[in-house]
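These notes concern the structure reproduced below.
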Amino acid sequence: MSVEETIKRIQSQKGVQGIIIVNAEVLICNAGIPIKTTLDNSNTVHYAGLIHQLVMKARSTVREIDPQNDLTFLRVRSKKNEIMIAPDKDYFLIVIQNPSE
Amino acid sequence: MEHVFVYTRKRREFGRPCHFSDRPAELIVDILPDAGLRAEFVERNPLPAQVQCGPEWSEHEVNTERLESEARGMNHVEGGWPKDINPLDMEQTMRYRKKVEKDEHYRSAIVRLGSIMEHYIKQNNAVDIYQEYFTEGQEEDDEEEEQEQPVARTISVFRDPGAVKRWVTALSWSPAGGCKLAAAYSCLDFQRAPPNMSYDSYIWDLENHSRPEMSLKPASPLVCLEYNPKDSHILLGGGYNGQIAYWDTRKGSHPVETSPIEVSHREPVYKVIWLQSKTGTEAFSGSTDGQVLWWDIRKLSEPTEKLVLDLSRKGDLGHALGCLSLEFETTMPTKFMVGTKQGLVVSCNRKAKTPAEKIVCTYSGHNGSIYALQRNPFFPKYFLTVAGWTARIWSEDVKESSIMSTRVHLLDGCWSPVRPSVFFTVKMDGTLDVWDFLFNQKDPTLSLKVCDEALWSLRVQDNGHFLACGSQQGTTTLLEISSGLCTLQRNEKALASEMFERETKGAKILEEQQREIRLKERSRSEQSKEEERKESEKVERAKELLERAERHFFHMVEGGRMLLNKNGSDHLGVQVL
C-alpha cells in the first residue's frame with residue numbers, strides 16, 4: 001500500500017476538507033515542514049507551523065505525567081470543524097474534517 | 001451601668017515630662033454575682049452543642065499586580081527548512097520534498113498513520129459524539145441552577161491614563177453589539193478643577209484595558225457623551241462650558257463641529273440625547289441653566305428649538321428649573337421628560353403649539369436633585385428616577401407620589417434592558433446595587449462594592465449582560481452579571497405588569513384619600529371663617545384633644561396593669577408610673 005493510495009482513501013471519506021503531512025524534524029525554530037498537502041500553500045504553512053507546536057506540547061504533557069506513556073492521537077474540535085492529528089516519531093498526519101451533524 | 005474613672009492633675013503640671021513608675025494592680029470595680037438575677041433566667045436542659053470533625057479551611061484572596069498587555073502580531077514565514085535550503089526557491093523545496101518521499105521510514109509511517117486516521121474519520125462520520133441526548137432533563141437543571149445567588153463579577157478596569165484623576169461623568173456603549181465604551185471625563189466640583197487637568201475623553205475597546213482606543217479632544221471637559229444609536233461612528237458630547245460638539249471617529253480626535261458659545265447653554269450640559277428622526281442627526285440637550293435646546297448636528301451654529309423650564313410658563317430664565325437629566329423614549333417621539341435639580345420631574349410635549357403648553361405636568365416627591373431618569377424599556381408608562389436619597393418608580397398617571405421607593409443615597413441608575421423588573425443603582429460609597437422588584441422591594445437583591453470612591457455613572461449594555469460604572473477617580477469598571485439576573489424569566493413580563501398596576505392603583509387610592517382630606521379641611525376652614533366663633537371652636541377642639549390624650553393615657557395604663565397581673569412581677573408597674 002503506497003502513500004498515494006492512503007491519501008486518496010482518506011480524501012474520499014465524507015467531510016474531509018484537507019490533509020497535510022508534516023515533517024517533525026526540528027532544526028530551526030519550531031515550525032514543521034509540510035511535505036504533502038491538499039490545501040493551498042498559505043493555509044498549509046499556517047497549519048503546519050501551529051500544529052507542530054501543539055503536538056510537541058501535548059506530547060511533552062503526556063510524557064511528563066507518566067514517562068511510560070506516549071501520545072497516540074490528538075483531536076481538536078472547534079465550532080466549524082475538527083482537526084485530527086496522528087503523530088509519529090518523525091512525521092505528523094493532519095486531517096481537517098467537517099464532522100457530520 | 002457606666003464605669004467612670006476620674007483623676008485630677010494640677011494645671012502647672014501640664015506638659016511636664018512623664019515619670020513612669022511601676023504600680024501594682026488596683027481594683028477599680030468589683031461586680032459580685034447577684035443571686036437575685038438568677039430568677040430571671042431559666043436553666044436549659046438539654047443544651048444543643050455543635051461539634052464538627054472536618055478539615056479546617058481558610059479562604060484567601062490574592063490580587064496580582066496590574067498586567068499591562070499589548071497585542072502584537074507576528075508574521076509567520078515558512079521556517080523549519082534545513083539551513084542549506086532556501087524556502088523561497090521552489091526548486092530546492094521540491095527537491096527536498098521528493099527526497100523525503102523516497103525515504104522508507106516515510107512510507108511505512110504514513111501508511112500506518114493513514115489507517116489509524118481512517119478509523120477516527122469513520123467514527124466521526126458514524127456518530128456525533130457531542131450530540132445532546134437529554135434536552136428535557138437539561139431544562140430542569142437550568143431552573144434549579146437559577147436558584148443560586150445572583151452574582152456580578154468585575155471583568156476589567158479601565159483607568160484614566162492622565163496624571164490628574166477626573167470623574168467619569170458619563171458612559172455610553174456603542175450601539176449594535178457594544179464592544180466599545182465611550183467615557184466622558186470631567187470634574188464637576190465647582191471651580192475646583194485642577195489647572196493641568198486634561199480635557200480629553202476616551203473611547204475604550206473592551207479587549208484592551210491598558211490604553212484607550214481613541215481620545216476625543218474637546219474645547220472643555222465633557223460632562224456627557226452619547227453614541228448615535230444609528231451610526232456607531234458618531235458621538236455627541238456636552239461640555240462643561242455649555243457647548244455641544246460632535247465627533248466622527250473616522251475623522252479623528254477633534255470635534256467635527258462645535259456649537260458657538262453665544263447660543264449654547266450657560267452652564268454645564270448635563271445630558272444629551274439623540275432623537276428619533278429620519279436623518280438620525282437630531283439631538284437635544286439639557287443643562288442647569290434652565291434650558292432645553294434642540295440641535296441638528298449638521299448645523300450646530302444655532303439650536304433648532306429652545307424651551308425654558310419655567311413652571312410659570314412665562315419663559316423666564318430667572319425662575320427656570322435647572323435640568324440635570326433628560327429622558328426620551330423612541331416609542332413616544334413627541335413626549336419627553338426632564339429631571340431637575342429642584343427635585344421635580346417635568347413632562348413635556350414637544351409638539352405643543354405655544355411654549356406655554358410645552359410643559360404638560362410635573363411629578364413631585366423627591367427631596368434632592370434628580371440624577372437619573374429612565375423609562376422602563378418594557379413598560380414605557382413607568383419610569384425610574386434616582387435622586388438624592390431614594391430611587392423611585394413612577395407611573396405616568398399618578399402625579400403626586402411615586403409608586404415604589406427605596407432608601408439609600410444614590411447617584412445614578414438605569415433599568416436592565418432585558419428584564420422588566422430589574423434595575424441598577426450606584427452609590428456615593430462606591431457600591432453597585434442590583435434591585436429586582438419582583439423579588440424584594442426593600443433591599444437590593446445584590447449589593448457589590450466596586451471601589452472605594454463614589455460612583456458617578458452607570459450604563460448597562462444592550463444585551464443586559466455587561467455593565468460599566470465610572471468612579472470619581474477616573475476608573476471605569478466593567479462587570480459581568482450572572483445569567484440569573486439577565487435572562488428573562490418565564491412569566492416575568494406578566495408579573496411585572498401586574499405588580500406595576502397594583503402599585504399604581506394603590507398610589508391612586510392614596511392620592512384620592514389625600515385629596516379628600518384636603519378638600520374636607522379646606523371646606524371646614526371655610527366654614528369656620530363664616531362663623532364668628534372661630535376662637536371658641538379652637539378652644540373646644542383643644543379640649544377635645546386633651547380629653548382624647550387623657551383617655552389614651554389611661555387606656556395604656558390599664559393595659560399595662562393587666563399585663564402586670566398576668567406576669568406577676570413588679571417591674572412593669574414601676575416603669576408605667
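So that the names make sense, note that chain A is the first sequence line, chain B the second, and so on, each numbered from 1.
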For A:I21, is it the side chain, the backbone, both or neither that has a heavy atom under 4.5 Å from a heavy atom of chain B?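 Just its side chain gets close to chain B.
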So which part of A:I7 gets closer than 4.5 Å to some heavy atom of chain B, the side chain, the backbone, both or neither?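 Nothing of A:I7, per the 4.5 Å heavy-atom cut-off to chain B.
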What's the shortest heavy-atom distance between [X] and [Y], and which atoms?
X: B:V111; Y: A:T6; value: CG2-OG1, 4.0 Å
X: B:K122; Y: A:Q13; value: CE-NE2, 3.5 Å
X: B:L113; Y: A:A86; value: CD1-O, 3.5 Å
X: B:R107; Y: A:V3; value: CA-CG2, 3.9 Å

Does B:H105 have more than 12 heavy atoms from other residues, nucleotides or ligands lying within 6.0 Å of its NE2?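 It does not: B:H105 NE2 has 12 such atoms or fewer within range.
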Would you say A:K8 has more than 12 foreign heavy atoms packed within less than 6.0 Å of its NZ?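 No - once you tally the heavy atoms of other residues, nucleotides and ligands closer than 6.0 Å, there are 12 at most.
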State, with a plain yes or no, whether a side-chain heavy atom of [X] is found less than 4.5 Å away from one of [Y].
X: B:N124; Y: A:R75; result: yes
X: A:Q97; Y: B:N125; result: yes
X: A:K36; Y: B:Y106; result: yes

Rounded to the nearest 0.5 Å, what's the gap from CD1 on A:I10 to OG on B:S115? Could you check?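 A:I10 atom CD1 to B:S115 atom OG measures 8.5 Å (nearest 0.5 Å).
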Please report the interatomic distance CD1(B:I110) to OG(A:S2), rounded to the nearest 0.5 Å.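 So the CD1 of B:I110 and the OG of A:S2 are separated by 11.5 Å.
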